[in-house]
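Every value quoted in this text rests on a predicted model; they were computed, and no experiment measured them. These numbers come from the heavy atoms of this one structure, side chains and all, not from hydrogens, waters or symmetry mates. Whatever order the structure lists ligands and atoms in, that order sets their numbers, starting from 1.
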Amino acid sequence: MNILALETSCDDTAAAIVEDGRKVLSNIIHSQNELHAQYGGVIPEMAARRHIEVINTCIDEALQQAGDMTLEDIDCFAATLGPGLAGSLLIGANTAKMLSVMTGKPFHGVHHLYAHVCSNYLNSELSPPFLCLLISGGHTQLLAVNQDHQMNILGESLDDAVGEAYDKIARLMDLGFPGGPALDKLSTDGDPRRFPLPSATTKAPFDFSFSGLKTAALRTYEQATQGLDPEKDVETLLTIKRDMAASFQFTVVETLFKKTLACAKMHHLNTIAIAGGVSANRGVRKRFMDFAAQQPDYRIYIPNLGFCTDNAAMVASSAYYNPITDDLGREVFSRDGGEVTTVRIINRQSF
Ligand code: KG4
Ligand code: ZN
């Protein structure tokens with residue numbers, strides 16, 4: 001089954017074609033980073049407009065990359081329905097619904113977080129049950145995935161998501177947008193022990209809390225750089241930034257690793273998958289892969305770098321394994337549980 005999927009939940013316009021939920025035939029991503037970098041964050045209205053401008057090109061490129069396919073070669077159309085930015089979601093969802101109506105092929109609506117989990121199925125042989133650590137810009141969760149690909153939340157962040165904390169610290173240090181990858185890169189040459197930072201304990205053992213760490217990092221950085229002149233003290237400032245990046249990354253990675261491992265032990269799951277934009281982080285990847293190399297009883301799965309941040313191949317996989325709907329009338333939603341738009345697409349019969 002060839003699924004053509006679209007992903008427009010935030011600021012990346014993506015189209016992909018995946019065969020049987022696993023084999024990636026094409027994966028096209030038009031990043032809007034350049035557009036939003038000048039504002040230091042995503043401007044929802046601009047993101048939606050850019051999706052409109054490039055979505056058709058993305059679809060054409062996805063068909064072409066998959067070996068000059070046509071719409072006739074596609075068996076099902078899919079798109080992310082939420083959570084995400086309502087205006088952005090509408091572009092991908094309505095385009096996929098319209099392709100479904102035009103061709104008479106089914107439409108599958110997908111949950112963005114399930115899709116991140118499914119990025120681990122792409123070009124891989126992973127099968128459930130497994131534990132998934134989902135670390136993105138909006139969510140930090142530990143999920144148990146059962147044989148039927150159903151997902152049960154075992155723990156989650158009580159405040160900031162990991163990616164959000166990365167982005168905020170990076171903004172403070174003027175590292176540009178998006179901040180996570182820049183902070184990750186900077187950390188490689190820093191001293192992770194120079195600035196000891198707290199790791200929060202939570203009432204429920206598998207929940208997370210990053211706001212205390214974020215505040216401590218902000219305060220420590222402000223103290224360390226107090227009185228320094230950005231023009232004259234360039235080297236000193238750069239060293240402080242490197243050491244702060246390394247210290248922050250060290251604390252985050254240890255917290256994620258220890259909680260995930262404890263959760264895996266408690267729930268007798270020795271297959272662990274990592275997903276979401278922060279799974280691209282070098283520190284995270286190294287910590288888990290080093291562990292897997294020493295502990296052959298555990299199997300660790302981390303998506304290829306191209307499938308970590310938002311992409312449509314993971315949406316196609318999720319449309320195959322665990323779509324949330326095949327109803328063309330199902331609306332997009334910006335948050336879990338809350339459907340937001342009043343646009344209802346006509347059903348196929350009345351078209
Ligand atoms: O999954 P994603 O593309 O979008 C959401 O669903 O949120 O994740 C984006 C997040 C951003 O916060 C970004 O800064 C972070 O993932 N990120 C990273 C890295 N690459 C992306 N954070 C730390 N290290 C990275 N290498
Ligand atoms: Zn995402």
By number and element, which atoms of ligand 1 are closer than 4.0 Å to a non-hydrogen atom of [X]?
| X | result |
| --- | --- |
| G163 | 12 (O) |
| T309 | 3 (O), 21 (C) |
| H112 | 6 (O) |
| G138 | 7 (O) |

Nearest neighbour in protein (non-hydrogen) for [atom]:
| atom | answer |
| --- | --- |
| atom 15 (C) of ligand 1 | V278 CG2, 4.0 Å |
| atom 26 (N) of ligand 1 | D184 OD2, 2.9 Å |
| atom 24 (N) of ligand 1 | N281 ND2, 3.0 Å |
| atom 3 (O) of ligand 1 | D310 N, 3.1 Å |

State, with a plain yes or no, whether a side-chain heavy atom of [X] is found less than 4.5 Å away from one of [Y].
| X | Y | answer |
| --- | --- | --- |
| I3 | I74 | no |
| C76 | F107 | no |
| Y221 | I240 | yes |
| R282 | K286 | no |
| L71 | L63 | yes |
| L305 | R285 | yes |

> When you measure from the Zn ion (ligand 2) to each N, O or S atom of D310, which atom gives the shortest distance?
Replying inline: OD1
Does ligand 1 come near enough to [X] that some N or O of the ligand is less than 3.5 Å from an N or O of the residue?
| X | result |
| --- | --- |
| G180 | yes |
| G276 | no |
| D167 | yes |
| G137 | yes |
| Y166 | no |
| H116 | yes |
| G277 | yes |

> Are H139 and ligand 1 in contact, using a heavy-atom cut-off of under 4.0 Å?
Replying inline: no
>> Against ligand 1, does Q249 come closer than 4.0 Å with any heavy atom?
In response: no
>> Set out, in order, the CA-CA distance, both residues' side-chain angles and the distance that settles salt bridge (Lys or Arg N to Asp or Glu O under 4.0 Å) for E222 and R219, then state yes or no.
In response: CA-CA 5 Å; E222 274 164 7; R219 212 170 288 139; over 6 Å; no
>> Just to be sure I'm reading this right: ignoring hydrogens, which of C10, A161, G283, P181 gets closest to atom 19 (C) of ligand 1? Compare them by their nearest heavy atoms.
In response: P181
> For the side chain to side chain contact (heavy atoms under 4.5 Å, CB included) test, which of N94, T13, I91, I59 pairs with L6?
Replying inline: I59
> Can you give me the NE2-the Zn ion (ligand 2)-NE2 angle for H116 and H112, to 10°?
Replying inline: 100°
> Would the number of heavy atoms belonging to other residues, nucleotides or ligands and lying under 6.0 Å from CD of Q38 be above 12?
Replying inline: yes
>> Is it the case that over 12 heavy atoms from other parts of the model lie below 6.0 angstrom from the CE atom of M1?
In response: yes
>> Suppose the criterion is salt bridge (charged side-chain N to carboxylate O under 4.0 Å, His left out): which pairs have a residue in residues 244-257, not counting sequence neighbours?
In response: E254-K258, E254-R287
> Taking the six-membered ring for Trp, are the ring centroids of H149 and Y121 within less than 6.0 Å of each other?
Replying inline: yes
